[in-house]
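Everything on this sheet refers to the single structure shown next.
Below, chain A is the first sequence line, B the second, and so on; all start at residue 1.
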2 protein chains.
Amino acid sequence: MKNNGASTVRQYPCERCPLQNYPHFQQHEKDEVEFLSGFKMGELVADVGTTVLGEGRSSAHLFTVLSGWAFRYKTLEDGRRQILNYVLPGDLIGLQGSLMKEMQHSVEALSPLVMCMFQRDKLPALFQSYPTIAYDITWLASREEQMLDEILLSVGRRSALERAAYLFAFIYQRAKSVGMVKNNTLMVPLRQQHVADTLGLSIVHTNKTLKKLAAKGALRWLDRGCEVIDHQILLDIAKWQGLPPAPRPYI
Amino acid sequence: MKNNGASTVRQYPCERCPLQNYPHFQQHEKDEVEFLSGFKMGELVADVGTTVLGEGRSSAHLFTVLSGWAFRYKTLEDGRRQILNYVLPGDLIGLQGSLMKEMQHSVEALSPLVMCMFQRDKLPALFQSYPTIAYDITWLASREEQMLDEILLSVGRRSALERAAYLFAFIYQRAKSVGMVKNNTLMVPLRQQHVADTLGLSIVHTNKTLKKLAAKGALRWLDRGCEVIDHQILLDIAKWQGLPPAPRPYI
DNA sequence: CGGCACGTTGAGCGCGATCAACCTCCGTGG
DNA sequence: CCACGGAGGTTGATCGCGCTCAACGTGCCG
């Protein structure tokens, strides 16, 4: 929950954007890259625990994550927290804050986070001059909505075990598409409290549910975070067929 | 769940779009209205129970609801259903299907539904020629995401009673902004099964929860659907401050 | 008239919450 | 160097919200 664990640098020019390396991502035309170079203000680096964007604040910026993990969440007045979704490389954050008056959710870093920072004011100009990029932004907003649909289905209608299995299967697939899976294994930098707040469960019951998943050989809980070992078991438990593999844009 | 309860007509020219009448909506410039006139293919009228858009199908169209109620939902393989959100006049449906390969959720009419139908193919042209409308579409997508965030928080972290109260307070506010509230009272055309599938509860428990809300004087359950009487009580029970009132676009 | 959709109510059960210890690890300060 | 405290994880006991089962009521439609 730190607020000052952030600093700005400029290390990656858009022509050598690290996101280019993933086959899942659609590449930009030369003129688009040029425009984006001007749209980009620099990079923001955030430590673990830093609140990148805060509910109620009006965000002056729009970000694309270049590397690292984060999560979006909301809280009720009495402190109950719901994690809405996780943020991985290539994901856009702060769009709501750029379009509406203010953010209605917060974003916190789960690992050291490198973000590409854009100027909110220039968004209308982007829509004017680069309709293909505007289309991509809309696509990304629509994808976020689609993910939320799935998550809501899960929280509303799956049992605790199914829900947990879905969560890790979902994260696994997304992480795989950005090269984070090594040897069919993925390290997920979550505390059990994060898992609980994602699934809408108590910590105690989350702990017991994770033990069951571990007993089935799907994952292993470690010192800090957990390791997804068997993706297929998770899919089976969650009765989920997985994400449709499709190329996706980024900005 | 009918599939054929739909027919097309063309009754409202865009210059006399019925949505113009609501002060909540931002009006279009003349040239935008002209373009939208060409983008619009006609109107689609659907009966109660008609599946307007189906999960897995690729939708050839994009719609704006002109009048009536509908809901978006997803189901698990074994039939468990989760209602994701409700669709009211001014809301856009089918955007996911227009941007991605296929729809990942279904939409069903809750009342006779009149929709303005647009051609999916022309969406890129819209982005090319009318960036302000493109911006509005992105705004609407972002608003849907924002609503889902709230709903997910509710399903994940609120008790049954709070959740039910939130649902009706939320619907009340949205309906009010499109002139559906008369005498501080709103008729909601839902069965208890819809409420249950929205809240992630069983029908039996939903029934008991609604009785409690009725006992507190917040609403009244009728033959077909229910009547929201006291909005403030709902807000109090849900511990919710309500939606920030803001002008919104439509297309 | 039967059949169906929808709502209502009570009984009992179980999933997941809460309470309460206790553990290990680790960073901090004496 | 150790003492201490806090964060995170583990485990058992008990509670209770919400589920399931079951029966019955009502109004509507064929």
message = Let me confirm one number: the CD-CH2 distance from B/Glu162 to B/Trp240, rounded to the nearest 0.5 Å.
response = 14.0 Å
request  = Could you list by number each residue of residues 203-216 of chain A showing a heavy-atom separation from DNA chain D of less than 4.0 Å, or answer none if no residue does?
outcome  = A/Val204, A/Asn207, A/Lys208, A/Lys211
key: Under 4.0 angstrom between B/Gln193 side-chain N/O and C/dG7 OP1 or OP2   = no
task = Could you tell me whether A/His194 and A/Phe71 have their ring centroids closer than 6.0 angstrom?
result = yes
inquiry  = How many whole angstroms separate atom CD of A/Gln192 from atom C1' of D/dT11?
reply    = 12 Å
key: Pair B/Arg81 + B/Asp197, salt bridge at N-O below 4.0 Å   = yes
query = Are A/Leu167 and A/Arg158 side-chain neighbours, meaning at least one heavy-atom pair lies under 4.5 Å?
reply = no
message = I need the CG-P distance between B/Leu201 and C/dC15, as an integer number of Å.
response = 17 Å
task = Scan A/Gly200 against the nucleic acid and name what it touches under 4.0 Å (heavy atoms): base, sugar-phosphate only, or nothing.
result = sugar-phosphate
task = Please tell me if the side chains of B/Leu113 and B/Val45 come closer than 4.5 Å, counting only heavy atoms from C-beta onward.
result = no
request  = With a 4.0 Å heavy-atom cut-off, tell me which residues in residues 151-170 of chain B come close to DNA chain D, sorted by residue number.
outcome  = B/Ser159, B/Ala160
query = Between atom CH2 in B/Trp221 and atom C1' in C/dC6, what is the gap in whole Å?
reply = 10 Å
B/Phe170 and B/Tyr166 aromatic centres sub-6.0 Å = yes
key: Heavy atoms of other groups near B/Ile203 CD1, more than 12 under 6.0 Å   = no
task = Let me know the distance between CZ of A/Arg191 and C1' of D/dG6, rounded to the nearest Å.
result = 13 Å
inquiry  = Between P on C/dA17 and CG on A/Asp197, what's the gap in Å once rounded to a whole number?
reply    = 11 Å
message = Is there a side-chain contact between B/Arg72 and A/Asp149 in this structure, where contact means two heavy atoms from C-beta onward sitting under 4.5 Å apart?
response = yes
